[in-house]
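Down below is the structure, laid out as structure tokens.
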Amino acid sequence: MALFEVKKLDREIYRNELENFLPDRMIDIHTHVWLSHLRCRTKPIQRKVIWPSLVAKDNSLEDLQETYRLMFPGKEVTPLIFASTERETIQACNEYVREAAKKSGFPALYYARPEETAAELEREILENGYVGIKSYLDLAPMYIPEAEVRIFDFFPKHQLQLLNRLGAIVMLHIPRNGRLRDPLNLAQIIELKQEFPNVRVIIAHIGRAYTRGDVGNAFEVLSACPDLMFDFSANSLEFAMTELLKARG
């Protein structure tokens with residue numbers, strides 16, 4: 001049984017509108033893979049949105065590959081994979097990603113905890129072939145209220161110094177209620193790039209700019225970082241995409 005049904009209308013739209021528009025080779029730069037039995041069975045302390053958990057019970061490597069086959073026939077899609085996890089299950093979820101990357105040849109990110117030392121992080125990256133790290137605001141120290149979490153609370157500078165030396169990727173899901181337009185977020189993104197210029201920073205979800213009000217003057221401010229990258233995963237706001245393309249090319 002197929003993972004989901006591709007209907008006649010789906011095939012017609014793909015053939016008439018997408019097949020010749022999309023390149024033959026694509027990178028899916030923001031791709032969570034996880035197995036449901038590796039996730040917490042008890043409810044963890046939540047400092048993040050929960051709607052992604054409603055999208056799918058899990059997303060195995062095999063399901064991901066089947067999704068590409070069904071959605072993009074005739075195309076080659078290479079994902080950058082990493083875990084979807086919480087603190088309690090990071091180790092098991094990282095192990096699954098590592099094995100999935102080894103099996104498929106896909107590049108992968110290590111899901112890092114901010115308390116890990118540079119030596120611990122370097123060992124994980126070099127021994128397992130990760131191309132960088134992912135982390136999340138819910139891993140910041142628990143005494144920091146969710147709305148006050150800063151980038152360096154979950155991407156500490158001792159880790160960024162290592163990543164700068166390695167020229168590695170940081171997949172940055174920015175915190176704070178102001179999202180992309182938040183002045184502290186913008187200041188810390190610039191600080192990160194100025195202090196660690198070799199870190200390959202990818203701002204996830206266009207900085208969580210899901211409404212016009214989330215954009216502000218962010219692209220003007222961030223023009224100070226010409227090599228900053230963005231992904232538009234899980235963002236359907238045409239305005240944010242248009243402003244991003246105008247600003248970054």
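In this text, all values refer to a predicted model and were calculated from it rather than measured experimentally.
Asp138 places none of its side-chain heavy atoms less than 4.5 Å from the side chain of Val149. No side-chain heavy atom of Val6 sits less than 4.5 Å from a side-chain heavy atom of Tyr14. Within the 4.5 Å cutoff, side-chain heavy atoms of Leu180 are placed close to those of Phe219. Counting heavy atoms from C-beta on, the side chains of Lys75 and Tyr68 never come closer than 4.5 Å. Counting heavy atoms from C-beta outward, Ile203 and Asp231 have side chains that stay 4.5 Å or more apart. Under the 4.5 Å side-chain criterion, counting only non-hydrogen atoms from C-beta, Val170 is in contact with Ile133. For the pair Thr78/Pro107, a side-chain contact is recorded, criterion being any heavy-atom separation below 4.5 Å from C-beta on.
The shortest non-hydrogen separation linking Ala147 to Asn177 is CB-ND2, 3.7 Å. Nearest approach of Ala83 to Val97, heavy atoms of both residues: N-CG2, 3.5 Å. Taking all atoms of both residues into account, the shortest heavy-atom contact from Pro79 to Leu64 is CG-CD2, 3.8 Å.
At distances below 3.5 Å, at least one donor-acceptor pair connects side-chain atoms of Tyr96 with backbone N or O atoms of Leu61. Between the Asp214 side chain and the Arg179 main chain, no donor and acceptor come within less than 3.5 Å of each other. Remark: side-chain polar atoms of Ser104 are paired, donor with acceptor, to backbone N or O of Ala100 under 3.5 angstrom. Here the side chain of Asn217 pairs no donor or acceptor atom with the backbone of Glu220 at under 3.5 angstrom. Judged purely by atom type and a 3.5 angstrom limit, Arg248 uses its side chain to pair as donor or acceptor with the backbone of Pro226. In this structure, the side chain of Asn94 does not engage the main chain of Gln91 through any donor-acceptor pair within 3.5 Å.
No continuous path of hydrophobic side-chain contacts links Phe21 to Leu9 [ILVMFWY only; heavy atoms under 4.5 Å]. Following chains of ILVMFWY side-chain contacts shorter than 4.5 Å, one cannot reach Leu184 starting from Leu222, and the two form parts of different hydrophobic clusters. Using a 4.5 Å cut-off between side-chain heavy atoms of Ile, Leu, Val, Met, Phe, Trp and Tyr, with links allowed through other members, Leu80 and Leu163 fall into different hydrophobic clusters.
Salt bridge status for Arg165 with Glu122: present, with a side-chain N to carboxylate O gap under 4.0 Å. Electrostatic pairing of Asp227 and Lys193 counts as a salt bridge here, judged by a charged N lying under 4.0 Å from a carboxylate O. Remark: Asp10 does not engage Lys7 in a salt bridge, criterion side-chain N to carboxylate O under 4.0 Å. Under the 4.0 Å criterion applied to side-chain N and carboxylate O atoms, Arg87 and Glu115 are assigned as salt-bridge partners.
Between Phe82 and Tyr136, the gap from one ring centroid to the other reaches at least 6.0 Å.
The CG atom of Leu3 sits 8.0 Å away from atom OG of Ser60, with the distance rounded to the nearest 0.5 Å. Taking CZ of Arg11 as the start and CD of Glu19 as the end, the distance is 13.0 Å to the nearest 0.5 Å. Here the straight-line distance linking atom OG of Ser135 with atom CZ of Arg113 works out to 10.0 Å at 0.5 Å rounding. The distance from the OG atom of Ser233 to the NE2 atom of His30 is 4.5 Å, given to the nearest 0.5 Å. Note that CZ of Phe154 and CG of Leu139 are 9.0 Å apart. Values are rounded to the nearest 0.5 Å.
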Item to check | Working for side chain to side chain contact (heavy atoms under 4.5 Å, CB included), residues Ile81 and Leu109 | outcome: CA-CA 6 Å; Ile81 61 174; Leu109 301 180; over 6 Å; no
Item to check | Worked verdict on Leu121 versus Ile125 for side chain to side chain contact (heavy atoms under 4.5 Å, CB included) | outcome: CA-CA 6 Å; Leu121 192 60; Ile125 291 173; 4.0 Å; yes
Checklist entry - Are Asn128 and Glu124 close enough, and set up right, to give a side-chain hydrogen bond (donor to acceptor under 3.5 Å, both in side chains), and what steps lead you there? => result CA-CA 6 Å; Asn128 298 306; Glu124 288 286 351; 3.0 Å; yes
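Counted within 6.0 Å of CG on Leu245, heavy atoms from surrounding residues, nucleotides or ligands total more than 12; the atom is thus considered enclosed.
Geometrically, Lys157 engages Phe152 in a cation-pi contact defined by less than 6.0 Å to the ring centre and at most 45° from the axis.
For the side-chain contact (heavy atoms from CB on, under 4.5 Å) with Tyr110, the qualifying choice from Lys134, Glu116, Arg98 is Glu116, the only one to do so.
Between the side chains of His205 and Asn235, not a single donor N or O lies within less than 3.5 Å of an accepting N or O.
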